[in-house]
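Here's a structure for you.
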Amino acid sequence: MGRLGARRSRSMFGRQEELDQCIGEANWGRLWWKNLSRQHNCMWSCFSRSCCQQVIKFPRNDSADECSDLCLKFCRPVKMFQSLWDSAKMIGKRNPYYVEYEAGFDANGKLAGIITNVYANCGQTATESPVSAVTLWGDNGQCLFFRIYNFIKEFTYCCVTILGYNCPNWKVSMTNCKTNLPANTWTRAPGSTESIFFIEYIMEHIAQTLGKPSIDVKRANFYKNGDRTITGQPLKDFTLAELTDSFLTSASYRQRLQDAATFNLNNRWRKRGISVTPMKYGSTWNGNNFNCFISIFHSGGTVAVSHGGVEMGQGINTKVAQVVAYELGIPLDLVSIKPNFSLTNANANSTGGSVTSELVSLAAINCCSQLKARIDPIKNTMPNASWSDIIEACFVKTIDLSARSWIAPKTTGDDAPVNYNTYGVTCTEVELDVLTGEHQITRMDVIHDCGESMSPLVDVGQIEGAIVMGLGYYTSEELVYEKTTGALVTYSTWKYKPPTTKDIPIDFRVQILQNSSNPSGVLRSKCELTG
């Protein structure tokens with residue numbers, strides 16, 4: 001790792017001897033230093049992170065701090081090289097939560113009230129300084145944006161608004177805990193992932209207490225159309241109950257529940273369990289702004305698109321390209337997505353919240369509308385001409401073939417803050433060795449309401465990826481810290497185990513709800529819970 005070395009440079013400030021001394025104290029060896037001496041004209045000093053810590057005499061948890069200390073010490077710019085292991089050690093992870101709860105319910109499992117004490121392990125600080133808005137969740141489906149830096153509220157509102165359960169009374173006490181860990185940060189589905197686990201745990205606890213199947217308890221607590229969420233917004237598109245009922249039939253849940261009970265009676269050391277988890281997610285457009293820039297080139301009619309989202313594997317570029325091709329009525333291979341940069345895509349919001357793909361697509365639709373308004377008068381005079389010929393004719397007539405759109409939606413009244421809700425249900429069957437803890441997901445059924453999906457293959461892939469990421473989080477990816485120092489012990493795959501091909505369900509069935517639509521969405525689609 002550390003042998004990237006300290007590059008020798010000629011000092012204008014008389015500090016070269018001190019730098020030589022520090023390098024020697026860091027036990028780097030004069031041979032290595034001598035081999036790099038020919039680069040003496042460089043005015044930068046370059047260090048590995050371990051060298052930085054030895055030179056400044058004490059370890060830091062922040063690269064910027066270490067570089068600034070060295071800049072001050074040697075009066076010159078400092079560049080630091082950091083290994084992947086060092087990054088894993090010093091960068092914060094998900095916020096761990098500890099929750100104490102009391103739940104009141106009737107004989108049918110219908111919730112009367114929940115009292116919770118929530119404690120968040122924030123690490124050395126409770127702020128996420130680059131972010132000015134935190135996504136707040138709650139009853140399994142609501143989503144708000146507030147200018148607040150408190151991680152604990154992110155979790156708490158998830159508990160009472162992200163799930164589809166209607167609890168009339170909540171009392172939530174929240175505590176941020178400062179510990180000796182690096183400052184924890186957002187990771188995919190921050191707060192909502194943990195809050196879903198929390199409310200589902202309560203539902204399972206109630207079901208065990210009453211001796212009822214957990215899905216019956218969950219079903220008894222579903223919202224109904226006309227109910228108001230914790231934010232006061234009335235629900236008018238709640239279809240989770242109907243979706244769950246049809247899904248239980250298609251997944252043969254009742255029969256498989258009996259089969260699992262029979263299997264457990266006949267096997268002493270291996271047991272099977274089956275569980276159903278419903279979900280409601282509120283898509284919030286308020287507080288988000290994105291843009292898109294499209295240019296059509298007169299030679300050949302190819303189309304270049306640059307948008308304000310970030311492609312991180314969620315398929316946003318594919319969706320935008322498909323939308324542009326659909327709107328302009330041209331083959332997909334004529335559309336190319338170009339890298340975004342601040343000149344053409346200035347001031348775009350961060351990619352996340354499961355809204356970026358659709359809002360960027362909405363911006364692309366607006367761009368296409370502008371372009372078609374300019375192109376159509378020429379196109380109408382050339383009914384049998386090809387796309388490339390039409391574009392060339394537009395160019396000859398000096399038609400502007402570029403367009404830009406800025407999207408900053410704001411919903412008000414009963415439509416605020418959630419623009420629409422999307423729903424999903426998962427049925428998971430697991431086999432467990434009670435002696436070793438070895439387990440295997442024998443079958444998983446998933447259905448998700450994507451409305452009229454803009455790109456079904458992308459949406460299915462994202463659903464599958466999110467499930468596998470969740471499996472790793474809940475089953476194998478354990479973070480272990482040294483108790484006295486807070487140092488991360490599981491910083492490499494030798495001890496930290498993400499899921500692999502052998503960990504995914506043996507029988508994995510993912511489907512998108514058919515014959516669904518969403519008049520409030522982009523091209524009648526719904527988000528698939530990714531960026």
Side-chain angles (χ1 to χ4, degrees), residues 131-135 143-147 233 281-296 303-312 314-328 335-375 400-422 450-455 458-459 462 517-531:
V131 181
S132 62
V134 170
T135 306
C143 180
L144 300 174
F145 283 90
F146 287 94
R147 291 190 176 278
Q233 183 173 357
Y281 180 89
S283 178
T284 300
W285 289 4
N286 283 359
N288 288 282
N289 47 263
F290 294 97
N291 45 43
C292 183
F293 184 84
I294 297 180
S295 293
I296 305 176
V303 180
V305 183
S306 179
H307 59 77
V310 176
E311 174 62 73
M312 59 185 81
Q314 82 277 39
I316 187 173
N317 285 348
T318 300
K319 283 190 173 183
V320 172
Q322 290 175 324
V323 167
V324 171
Y326 172 78
E327 289 293 316
L328 295 180
V335 182
S336 61
I337 305 297
K338 303 301 181 181
N340 56 6
F341 61 104
S342 57
L343 180 61
T344 57
N345 306 108
N347 303 318
N349 209 337
S350 59
T351 299
S354 301
V355 298
T356 307
S357 292
E358 57 183 351
L359 291 184
V360 167
S361 295
L362 182 58
I365 291 173
N366 288 348
C367 286
C368 292
S369 297
Q370 298 174 40
L371 292 168
K372 287 191 294 184
R374 303 170 197 164
I375 295 171
D400 184 6
L401 295 175
S402 295
R404 182 183 183 275
S405 176
W406 171 264
I407 294 294
K410 292 179 174 60
T411 54
T412 59
D414 286 345
D415 292 329
V418 172
N419 193 54
Y420 63 83
N421 290 288
T422 186
C450 292
E452 297 182 30
S453 173
M454 289 190 289
S455 186
V458 169
D459 288 346
Q462 283 302 290
S517 188
N518 178 29
S520 301
V522 179
L523 297 179
R524 300 169 300 282
S525 68
K526 289 187 177 183
C527 64
E528 84 292 348
L529 305 190
T530 64

Using modelled atom types and a 3.5 Å cut-off, is there a donor and acceptor pairing between side-chain atoms of Glu311 and backbone atoms of Asn317?
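Yes; at least one donor-acceptor contact below 3.5 Å.
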
Val320 and Ser361: which non-hydrogen atoms are nearest, and at how many Å?
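Between these two residues, the closest heavy atoms are CG2-OG, 4.1 Å.
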
Heavy-atom distance under 4.5 Å between the side chains of Cys527 and Tyr420, does that happen here?
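Cys527 reaches Tyr420 side chain to side chain.
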
Applying salt bridge (charged side-chain N to carboxylate O under 4.0 Å, His left out), can you list everything that pairs with Lys338, at least two apart in sequence or on another chain?
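None.
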
For the pair Asn288 (side chain) and Asn349 (backbone), establish whether a donor and an acceptor sit closer than 3.5 Å, ignoring hydrogens and angles.
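No, the answer is negative, given that no donor and acceptor are paired below the 3.5 Å cut-off.
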
State, without any angle test, whether Thr356 and Gln314 hold a side-chain donor-acceptor pair at a distance under 3.5 Å.
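No, no side-chain donor-acceptor pair sits under 3.5 Å.
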
Within residues 340-354 or reaching into it, pairs that qualify as salt bridge (charged side-chain N to carboxylate O under 4.0 Å, His left out) - sequence neighbours excluded:
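Salt bridge (charged side-chain N to carboxylate O under 4.0 Å, His left out) check on residues 340-354 returns no pairs.
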
For Val310, is there any backbone N or O sitting under 3.5 Å from a side-chain donor or acceptor partner on Thr351?
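Yes; judged by distance alone, with no hydrogens or angles, the pair exists.
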
Which atom pair, heavy atoms only, marks the closest approach of Lys410 to Asn286?
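It is CA-OD1, 3.2 Å.
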
Holding to side-chain contact (heavy atoms from CB on, under 4.5 Å), I want the full list of residues that pass it with Thr318, two or more places apart in sequence or in another chain.
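Per chain and number, Thr318 pairs via side-chain contact (heavy atoms from CB on, under 4.5 Å) with Gln322, Ser455, Val458.
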
Just list the side-chain donor-acceptor pairs under 3.5 Å for residues 289-296, sequence neighbours left out, or say none.
from   : atom 1 : to     : atom 2 : distance (Å)
Asn289 : ND2    : Asn347 : O      : 2.7
Asn291 : OD1    : Asn345 : ND2    : 3.2
Asn291 : ND2    : Ala346 : O      : 2.8
Ser295 : OG     : Ser402 : OG     : 3.0

Evaluate Leu523 against Ile365 for side chain to side chain contact (heavy atoms under 4.5 Å, CB included), listing each step before the verdict.
CA-CA 9 Å; Leu523 297 179; Ile365 291 173; 3.9 Å; yes

Got a sec, which residues hit salt bridge (charged side-chain N to carboxylate O under 4.0 Å, His left out) with Arg524, two or more places apart in sequence or on another chain?
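Partners of Arg524 under the salt bridge (charged side-chain N to carboxylate O under 4.0 Å, His left out) test: Glu452.
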
Asn421 and Gly282: which non-hydrogen atoms are nearest, and at how many Å?
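For Asn421 and Gly282, the tightest heavy-atom pair comes out as OD1-CA, 3.4 Å.
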
If I compare all heavy atoms of Asn419 with all of Ser520, which pair ends up nearest, and what's the gap?
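The pair with the smallest heavy-atom distance is ND2-O, 3.0 Å.
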
Are Glu358 and Ser283 side-chain neighbours, meaning at least one heavy-atom pair lies under 4.5 Å?
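Yes, their side chains come closer than 4.5 Å.
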
Test salt bridge (charged side-chain N to carboxylate O under 4.0 Å, His left out) applied to Glu327 - qualifying residues, sequence neighbours left out:
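For Glu327 the salt bridge (charged side-chain N to carboxylate O under 4.0 Å, His left out) partners, ignoring immediate neighbours, are Lys372.
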
Is there a donor-acceptor pair closer than 3.5 Å between any side-chain N or O of Asn340 and the backbone N or O of Ser306?
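Not at all, since once roles are kept as given, no pair shorter than 3.5 Å links the two residues.
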
What distance separates Gln462 CD from Cys450 SG, expressed to the nearest 0.5 Å?
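Taking CD in Gln462 and SG in Cys450, the distance rounds to 10.5 Å.
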
Can you see which heavy atom on Ser525 is nearest to which on Asn518, and at what distance?
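Answer, listing the atom of Ser525 first, then Asn518: O-ND2, 2.8 Å.
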
